[in-house]
Amino acid sequence: MTLVMKFGGTSVGNATAIRETAELIRQAKTEWHELVVVASAMGSRPEKVTDLLLRGAQTAVTGDDETYRQVAAQLRHIHQTAIHELLIDGVEKEEVLAENGRFLTRFESLCQAVHVLGELTPRALDAISGMGEQMSVRILAAYLRQQGVAAQAVDATQLIVTDANFQDAAPLMESTRERVQAQLRPLLDQNIIPIVTGFIGATAEGIPTTLGRGGSDYSAAILGYALPAREVWIWTDVDGVMTADPRLVPDARSIPMLSYREVSELAYYGARVLHPKTMRPCVAHGIPLRIKNTFNPEHPGTVIVETAVNGNGGVKAVTAITDVSLITIEGKGMIGVPGIAARAFGAVARTNVSVLLISQASSEQSICFVTPSHAADRVITSLSEEFAVELHRQDIDSIWAQQDVAIITAVGAGMRGTPGIAGRIFSALGTQQVNIIAIAQGSSECSISLVVDGKDTITAVRYIHQLIQT
Ligand code: ADP
Ligand code: ASP
Ligand code: MG
């Protein structure tokens, strides 16, 4: 029986957390025949290692020759402090320090190249941002060995084969399965725990890629599929998936059981606790996912399975996505004209921006949809070009963006067939004078999303949260 366990940034954020993580790995190895560990980059405070790496690259391209050097010093300090606190003096420690140094030298050279060229490609960003995982797994593996646990750091560039869609690469499952069998099987057969980098992969030609921010959860699920594993456990810093982000709602509670579907909706609509694609490989093999708290391991956390009990037939959790804009295409001349929506979304697709939510009035006088705020101007320009003729003829009156809105989503499979849920949500917001700008409900009835003004985000989340029954 094989178990994949993934440890997030805070679980490897400093020496104390790494000790805790190593202990959980040691215990799991006594209970599971085969164990594969996936680790994120150190989620050190106040800034995560991945954020620091990205900041170095992004400032270098603007002509700033200073920041990436400071960032490199900061990264050196974070990693070396952990190494000195965890490892006893000796050859192993010297090797880890030297490897770490090599990654940081490479980081500085890449940033310098970016600075000189004045160009930062998605490909370069992936090579730079994936180094955090490469450094953390080496520290964790060395510490485990020092504790008498056979472990070996493995770069997922050797395992997870992806397409070349840098920054959001998709795994090629069949090639990945072959690599995983070829590279991990021999280690597992020798009773060695592979400590694999989350977040990263490589194309078939070996060019490094990343699976998107927060992608280590997805890495664990991909390996779970390829092995295959009996279960995948995600260790993080909260007691599982909660009824809301505990940072927004202090009395949020842990949810014992959820379905893949429910968690996909939650993750898609902003619950950062899991990368939205994590469920895909698990669904394929029916692999249960558990979310557990590294800092409170006794807590059962959340188990995610094919079909979860329906709770009380109502809302189970509520999420928010902020920093988004609502784009509206409006005009009486649009009524009954075929192809407007197709052309609109074609124009958006050409900008490479993803649409998070769509809503259309039944009279077809307007179509509105939500995109990330930073992309709103680009989308409006593309739409204005696409509909230049219609705008000139005034079939379309205007195309405009309402900045700083938020998508609030209530999730629960039991909402399906339970009348009155939407009504209760609307009146909860009505009592707080929260204006609902647009609404969308998936036909699965597993979620209802509302667009509200950004300033109403916390009120909306808290008042919908009050509808969740215990
Ligand atoms: P990791 O580094 O372990 O992957 P993340 O920071 O990516 O951790 O995800 C965990 C965080 O997700 C929690 O600390 C919490 O603030 C946030 N979060 C947002 N929504 C939820 C939710 N519904 N349930 C649990 N955590 C949530
Ligand atoms: N380290 C990566 C990030 O910060 C991946 C992850 O944490 O899952 O996005
Ligand atoms: Mg995460």
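The analysis underlying the following values was restricted to heavy atoms, covering all of them including side chains, and did not include hydrogens, waters or symmetry mates. Every number for a ligand or one of its atoms is a count from 1 in the order of the listing.
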**Item:** Over 12 foreign heavy atoms within 6.0 Å of NE2, H84
**Value:** yes
**Fill in**
Closest to atom 27 (C) of ligand 1 among protein heavy atoms sits V273 CB, 3.7 Å
Heavy-atom distance to [atom]: which of [options] wins?
atom	options	value
atom 4 (O) of ligand 2	E133, R213, R272	R213
atom 16 (O) of ligand 1	R213, K316, R247	R247
atom 6 (O) of ligand 1	K6, H275, R272	R272

Answer yes or no: does an N/O atom from [X] fall short of 3.5 Å to an N/O atom of ligand 2?
X	answer
F199	no
K6	no
K48	yes

Run the contact test for [X] against ligand 2 with a 4.0 Å cut-off on heavy atoms, strictly below, and give the result.
X	value
H275	no
G198	no
G9	no

Could you tell me whether [X] and [Y] make a salt bridge, using a distance below 4.0 angstrom between a side-chain N and a carboxylate O?
X	Y	answer
R462	D251	no
E34	R230	no
D217	R272	no

**Request:** May I ask you to identify, for S40, whether its side chain, its backbone, both or neither come under 4.0 Å of ligand 2 on a heavy-atom basis?
**Result:** side chain
Where ligand 1 meets [X] - atom numbers and elements under 4.0 angstrom, heavy-atom basis:
X	result
A244	22 (C), 23 (N)
T236	1 (P), 3 (O), 8 (O), 10 (C)
A271	20 (N), 23 (N)
V241	24 (N)

**Message:** Under a 3.5 Å cutoff, is there a donor and acceptor pairing between the side chains of Q74 and Q70?
**Reply:** no
**Request:** Give yes or no for whether the N/O distance cutoff of 3.5 Å, strictly under, is met between M242 and ligand 1.
**Result:** yes
**Asked** Is there a heavy atom in G270 that sits closer than 4.0 Å to ligand 1?
**Response** no
